[in-house]
Amino acid sequence: MKFETLAIHGGNLIADDNHPVVQPITLSTTFHHKEGSPTYSRAANPNRHALEQVLAKMEQGKSAAAFSSGNAAGMAVFQALQPGSHIIAPNDMYHGMRKQLEEIFDGILEVSFVDLTDVESLQKAIRPNTQLLWIETPSNPLLKISDISALSAIARSNGIKVVCDNTFATPVFQNPLTLGADLVMHSSTKYFGGHSDILGGALITKEEDAFWERVKNVQITGGAVPSAFDCYYLTRSIKTLPYRMKGHAEHAGHVAAYLTQHSKVEEVYYPGLKQHPGHEVAARQMSGFGGMLSFLIKGDADDADRFISNLRFFTNATSLGGVESLIERRAGVEGSDSTTPPNLVRVSVGLEHLDDLLSDLDQAFEAL
Ligand SMILES: Cc1ncc(COP(=O)(O)O)c(C=O)c1O
């Protein structure tokens with residue numbers, strides 16, 4: 001099955017005698033004790049099972065685990081580690097995941113934040129107790145690119161598990177498991193949901209090994225699982241994921257090109273641009289460059305805020321991956337400990353008509 005077909009049929013598991021075309025929502029939290037049936041919805045539910053099937057297939061993994069948010073999915077990986085383990089993570093890791101490591105796992109896990117765009121820095125950061133390498137590429141919000149194959153090869157030769165946050169790229173454009181990663185993590189709140197109305201997260205594994213058993217135990221016994229409703233809607237949204245991603249990437253490419261030639265823009269971060277420092281690696285490991293970009297506006301935080309408030313079709317809101325374009329001054333959202341430049345504007349380029357998006361940006365710059 002090709003990807004587009006898989007996205008439509010891979011999660012449509014129907015066991016209803018009425019033969020509906022789409023899988024019904026099973027709201028029951030409990031099930032008759034019968035051979036082969038689920039017992040209790042925290043452990044297994046038909047809609048979650050369907051979602052996990054399509055997630056595993058899209059990422060070319062053996063198995064998947066769905067969670068109630070991306071952060072819960074990431075946390076399940078950290079909770080599956082032995083206390084005292086050392087983690088190597090990117091120095092521009094999504095700030096919510098970084099906050100978990102710094103605040104929730106303080107005193108439980110050791111962490112080094114390093115620049116993973118430089119492969120050498122991984123080698124230098126490895127300690128005898130390093131158990132996990134966390135990669136995020138393209139990264140949020142700087143769109144930095146890390147070489148998944150090169151980093152995974154070093155990790156593998158040191159017995160270190162590799163997890164890749166694939167939220168920005170999605171499996172439409174990047175498959176970390178085929179490049180050497182052991183697990184893939186997603187905030188399914190973003191492109192998988194695609195309409196800014198479902199919170200969710202996912203992990204997909206290459207092998208059903210002992211570490212995966214620990215992760216599944218955190219999912220089921222920890223209990224941060226999505227509802228049957230959320231699983232149903234996510235499985236439904238995934239059916240259009242390949243076509244939405246084509247549109248997001250096409251529009252982002254045009255918006256990035258427009259911004260690079262604008263006199264009020266200092267720098268544009270989009271891995272599809274030839275001048276992006278990670279372009280070569282991105283072109284090797286991605287089949288498209290995604291729908292996210294950031295740029296530095298010439299001026300300060302106030303100029304960036306004024307520009308954003310001039311826009312009509314880009315909503316000033318956090319999050320990403322929905323059909324509607326979203327924009328935000330990222331440092332303002334990350335808070336006082338943010339290392340993001342104050343004039344950095346992050347854009348989730350949506351599926352409105354490109355002419356409307358470009359003319360909206362034009363008038364907002366004009367009014368500055
Ligand atoms: C790259 C990345 N990873 C993880 C997350 C966390 O996901 P969630 O908000 O669904 O918990 C986000 C959220 O913005 C993200 O952008």
Side-chain angles (χ1 to χ4, degrees), residues 89-103 111-118 121 134-146 165 167-169 187 190 251-279 281-282 289-311 314-321 325-350 357 360-362 364-368:
N91 59 2
D92 66 331
M93 185 181 208
Y94 162 64
H95 84 113
M97 301 301 306
R98 184 184 175 115
K99 200 168 147 72
Q100 278 189 8
L101 289 172
E102 286 178 333
E103 296 177 10
V111 194
S112 303
F113 294 104
V114 303
D115 178 6
L116 290 178
T117 62
D118 170 20
S121 63
W134 187 277
I135 300 173
E136 182 186 318
T137 182
S139 69
N140 181 3
L142 287 168
L143 280 299
K144 285 193 190 170
I145 299 295
S146 304
D165 183 337
T167 301
F168 271 30
S187 165
K190 316 302 178 193
H251 288 183
H254 285 291
V255 171
Y258 162 85
L259 290 169
T260 50
Q261 52 72 48
H262 204 285
S263 58
K264 290 180 179 162
V265 172
E266 197 177 302
E267 192 152 0
V268 183
Y269 305 108
Y270 183 64
L273 294 171
K274 295 236 164 14
Q275 62 271 31
H276 186 288
H279 176 70
V281 176
F289 300 107
M292 292 299 299
L293 60 87
S294 295
F295 65 97
L296 301 181
I297 204 157
K298 274 189 188 152
D300 55 18
D302 286 346
D303 294 307
D305 285 336
R306 258 186 314 119
F307 166 74
I308 289 171
S309 68
N310 291 342
L311 290 159
F314 293 79
T315 304
N316 182 8
T318 199
S319 202
L320 59 111
S325 293
L326 299 180
I327 198 159
E328 68 181 355
R329 192 175 64 77
R330 190 63 190 161
V333 177
E334 290 179 348
S336 55
D337 60 346
S338 170
T339 53
T340 302
N343 57 336
L344 182 136
V345 177
R346 191 189 76 176
V347 192
S348 173
V349 184
L357 295 180
D360 196 21
L361 291 168
D362 240 1
F365 278 122
E366 207 56 39
L368 255 189

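This structure is a prediction, so every number in the text was calculated from the model and none was measured. Counting from 1, the numbers follow the sequence of the chain as shown.
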Hey, does the side chain of Ser294 reach the backbone of Pro141 with a donor-acceptor pair shorter than 3.5 angstrom?
yes
Any donor and acceptor pair, going by atom type alone, linking the side chain of Glu102 with main-chain N or O of Lys99 inside 3.5 Å?
no
Taking every non-hydrogen atom, the tightest pair across Gly290 and Ala252:
O-CB, 3.4 Å
Please give me the minimum heavy-atom distance between Phe365 and Lys264, naming the atom from each residue.
O-NZ, 2.9 Å
When you measure from the side chain of Ser121 to the backbone N and O of Asp115, does any donor-acceptor pair fall under 3.5 Å?
yes
Smallest separation among heavy atoms of Ala256 and Leu293, with atom names
N-CD2, 3.9 Å
For a side chain to side chain donor-acceptor pair (under 3.5 Å) with Arg306, tell me which candidate from Asp303, Asp302, Asn310 qualifies.
Asp303
Of all heavy-atom pairs between Arg330 and His95, which one has the smallest distance, and what is that distance?
NH2-CD2, 3.4 Å
Which donor-acceptor pairs under 3.5 Å do side chains of residues 343-350 form with protein atoms, sequence neighbours excluded?
from   : atom 1 : to     : atom 2 : distance (Å)
Asn343 : ND2    : Ile297 : O      : 2.9
Asn343 : ND2    : Gly299 : O      : 3.4
Arg346 : NH1    : Asn140 : OD1    : 2.8
Arg346 : NH2    : Ser319 : O      : 3.1
Arg346 : NH2    : Glu328 : OE2    : 3.2
Ser348 : OG     : Gly321 : N      : 3.0

Using a 4.5 Å cut-off on heavy atoms from C-beta on, say whether the side chain of Tyr270 contacts that of Thr260.
no
Angle between ring planes, Phe307 versus Phe295, binned at 30° and 60°: parallel, tilted or perpendicular?
perpendicular
Judged by atom type as modelled, is there a donor-acceptor pair below 3.5 Å linking the side chain of Lys298 to the main-chain atoms of Ser263?
yes
Euclidean distance, Leu326 CG relative to Leu320 CG, rounded to 0.5 Å
7.5 Å
Minimum side-chain heavy-atom gap Leu357-Phe314 below 4.5 Å
yes
Measure the CD-CE distance between Glu136 and Met93 for me, rounded to the nearest 0.5 Å.
7.0 Å
Let me confirm one number: the CG-CG distance from Asp118 to Asn91, rounded to the nearest 0.5 Å.
10.0 Å
Apply side chain to side chain contact (heavy atoms under 4.5 Å, CB included) to the pair Trp134 and Leu116, showing each step before the final yes or no.
CA-CA 9 Å; Trp134 187 277; Leu116 290 178; over 6 Å; no
Are there over 12 heavy-atom neighbours, none belonging to Gln261, within less than 6.0 Å of that residue's CD?
yes
NE2 of His279 to CG of Leu273: how many Å apart, nearest 0.5 Å?
8.5 Å
Kindly compute the distance separating OG (Ser139) from CG (Asp92), expressed to the nearest 0.5 Å.
3.5 Å
With rounding to the nearest 0.5 Å, note down the distance linking CG in Asp165 to OH in Tyr94.
9.5 Å
Applying side-chain contact (heavy atoms from CB on, under 4.5 Å) to Ala282 and not counting sequence neighbours gives Ile145, Pro271, Met286, Phe289
Just by modelled atom types, is the Thr167 backbone N or O under 3.5 Å from a matching donor or acceptor in the Ser187 side chain?
no
Shortest non-hydrogen contact between Leu143 and Pro138, atoms and distance:
CD1-CB, 3.7 Å
Looking at every heavy atom in both Ala304 and Arg329, which two are closest together, and how far apart are they?
CB-CD, 3.5 Å
Does the pair Phe113 and Leu101 meet the rule for a side chain to side chain contact (heavy atoms under 4.5 Å, CB included), with working shown?
CA-CA 10 Å; Phe113 294 104; Leu101 289 172; 4.3 Å; yes
